[in-house]
Amino acid sequence: MAVLYKRLMGLPVALGDLNDLHPEVHASLGKLLTYDEETVDALGMVFQVDMEVGFGEVASVDLVPGGADKAVTMATRTEYANAYTRHLLEGSIDRQFCHFREGFLRLCSGAALAWFTPEELELLVCGGRELKLEALEGATLYDDGYTQTSQVVHWFWEVAHSLAEPRKKRLLFFVTGSDRVPIKGLAHLNPPFVVSRMGGDSDRLPTAHTCFNHLLLPQYSSREMLRARLECALDNAEGFGLM
């Protein structure tokens with residue numbers, strides 16, 4: 001959501017920024033810019049949009065001064081798309097966003113802020129979006145009888161790599177307390193990720209010391225049992241205990 005960081009840095013927004021927050025509007029405006037003159041004129045649009053002003057009440061808002069009397073034509077459709085974009089991403093939320101930006105800049109203002117692009121600032125604040133478990137696997141340490149070649153370890157990574165992306169984030173949250181990827185990647189967790197043996201085969205669920213990025217994994221007798229116990233733990237873990 002780089003548009004948020006563009007606004008925090010005081011940079012202008014553009015039509016492409018709508019795609020993350022308002023994909024349907026972005027698609028509609030994109031189509032408007034491809035229509036022929038007859039189609040644009042037939043739409044009968046003006047520089048005005050309807051918006052909810054509270055408790056279901058809808059009011060018409062001019063995108064430019066006198067917008068109700070300004071038609072959208074082939075000559076003005078780009079101006080309309082840009083005005084609509086500024087309305088959604090700036091004008092309609094300015095009062096709330098100004099307070100948010102003021103608070104952000106109290107913590108993060110200074111010359112260093114200008115060194116970043118919006119995308120880099122988002123990466124710094126939120127971490128990476130892609131979970132590259134291969135990087136995490138390559139940097140993992142093992143303890144209490146497990147090694148990189150242990151059968152249960154092999155099963156664990158097979159199961160981990162097979163998880164859907166939201167489940168991978170849930171796994172990262174389970175073992176570290178956060179589903180955010182560090183700015184340098186999962187290979188640079190601090191402290192490093194550790195998988196330890198927690199007794200022999202049992203019905204116990206895996207547990208984790210999130211402060212230390214430490215997974216305690218029983219020595220299950222099969223991959224199927226490991227998957228079932230791990231997924232049960234992921235589904236029910238919340239905070240520092242089980243729901």
Side-chain angles (χ1 to χ4, degrees), residues 1-9 11 20 103-198 205-220 223 226-227 229-242:
M1 201 179 296
V3 61
L4 169 64
Y5 299 92
K6 289 181 75 171
R7 292 221 54 201
L8 287 172
M9 298 175 73
L11 301 175
D20 282 342
F104 177 83
L105 293 179
R106 284 183 182 178
L107 298 175
C108 303
S109 62
L113 191 62
W115 299 348
F116 297 95
T117 66
E119 294 76 15
E120 289 169 340
L121 183 59
E122 180 181 16
L123 185 62
L124 183 65
V125 173
C126 297
R129 294 186 178 185
E130 284 190 59
L131 293 186
K132 296 182 178 179
L133 291 185
E134 295 82 2
L136 179 61
E137 181 179 0
T140 297
L141 304 177
Y142 302 95
D143 200 2
D144 294 330
Y146 281 156
T147 69
Q148 187 175 8
T149 59
S150 297
Q151 182 65 71
V152 173
V153 169
H154 178 69
W155 288 337
F156 169 75
W157 288 115
E158 279 190 347
V159 171
H161 289 304
S162 71
L163 296 174
E165 197 68 17
R167 302 290 285 169
K168 289 179 180 178
K169 287 192 173 184
R170 188 68 182 168
L171 173 61
L172 183 63
F173 176 80
F174 179 72
V175 298
T176 70
S178 172
D179 62 2
R180 296 180 178 181
V181 179
I183 191 169
K184 290 184 178 181
L186 289 173
H188 296 274
L189 285 179
N190 185 21
F193 182 45
V194 177
V195 178
S196 292
R197 182 177 179 273
M198 187 174 67
L205 300 180
T207 59
H209 300 307
T210 56
C211 294
F212 303 102
N213 300 333
H214 194 163
L215 175 66
L216 304 177
L217 188 68
Q219 191 171 0
Y220 297 115
R223 177 172 48 204
L226 187 152
R227 177 185 291 275
R229 298 295 184 268
L230 178 62
E231 293 202 342
C232 182
L234 298 185
D235 287 335
N236 293 282
E238 188 69 25
F240 292 95
L242 293 176

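Just so it is clear, the model here is predicted, and its values are computed rather than measured.
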Provide the closest heavy-atom pair for Lys168 versus Ala160 in the form atom of the first, atom of the second, distance. CE-O, 3.7 Å

I need the single residue from Leu136, Val181, Leu163 that forms a side chain to side chain contact (heavy atoms under 4.5 Å, CB included) with Leu131. Which is it? Val181

Any side-chain heavy-atom pair from Glu231 and Leu205 closer than 4.5 angstrom? no

Nearest-0.5 Å distance that lies between atom OH in Tyr142 and atom CZ in Phe193: 8.0 Å

Let's go through Leu105 and Leu113 carefully: what are the C-alpha distance in whole Å and the side-chain angles of both, what is the deciding distance for side-chain contact (heavy atoms from CB on, under 4.5 Å) to 0.1 Å, and is it a yes or a no? CA-CA 9 Å; Leu105 293 179; Leu113 191 62; 3.8 Å; yes

Between Ser150 and Arg197, is there a side-chain heavy-atom distance shorter than 4.5 Å? no

Can Phe156 and Val159 be said to form a side-chain contact (heavy atoms from CB on, under 4.5 Å), step by step? CA-CA 5 Å; Phe156 169 75; Val159 171; 5.9 Å; no

Side-chain contact, heavy-atom cut-off 4.5 Å: Pro206 with Arg229? yes

Heavy atoms from other residues, nucleotides or ligands near CD of Glu120 exceed 12 (cutoff 6.0 Å): yes

Side-chain heavy atoms of Tyr146 within contact of Val152, under 4.5 Å: yes

Interatomic spacing from CG in Leu230 to CZ in Arg167 - rounded to 0.5 Å: 8.0 Å

So CG of Asp179 and CZ of Phe174: to nearest 0.5 Å the spacing works out to 14.5 Å

When you look at Thr176 and Ser178, which way does the side chain to side chain donor-acceptor pair (under 3.5 Å) test go after all the steps? CA-CA 5 Å; Thr176 70; Ser178 172; 5.2 Å; no

Look up atom OG in Ser196 and atom CZ in Phe212, then write down how far apart they are to the nearest 0.5 Å. 12.0 Å

What closest approach, in Å, do Ala139 and Ala187 show between heavy atoms, and which atom pair accounts for it? CB-O, 3.6 Å

Run the side-chain contact (heavy atoms from CB on, under 4.5 Å) test on His161 and Glu134 for me, step by step, so that the C-alpha distance in whole Å, both residues' side-chain angles and the decisive distance to 0.1 Å come before the verdict. CA-CA 8 Å; His161 289 304; Glu134 295 82 2; 4.1 Å; yes

Correct closest heavy-atom pair for Arg170 and Leu234 would be NE-O, 2.9 Å

Where is the tightest heavy-atom contact between Ala2 and Glu122, given as atom of each residue plus distance? N-OE1, 3.6 Å

Once rounded to the nearest 0.5 Å, what's the spacing between atom CZ of Arg227 and atom OH of Tyr220? 13.5 Å

Rounded distance [0.5 Å steps], CG in Leu121 versus CZ in Phe104: 4.5 Å

Hey, mind stepping through Thr210 and Phe173 against side-chain contact (heavy atoms from CB on, under 4.5 Å) and telling me if it holds? CA-CA 8 Å; Thr210 56; Phe173 176 80; over 6 Å; no

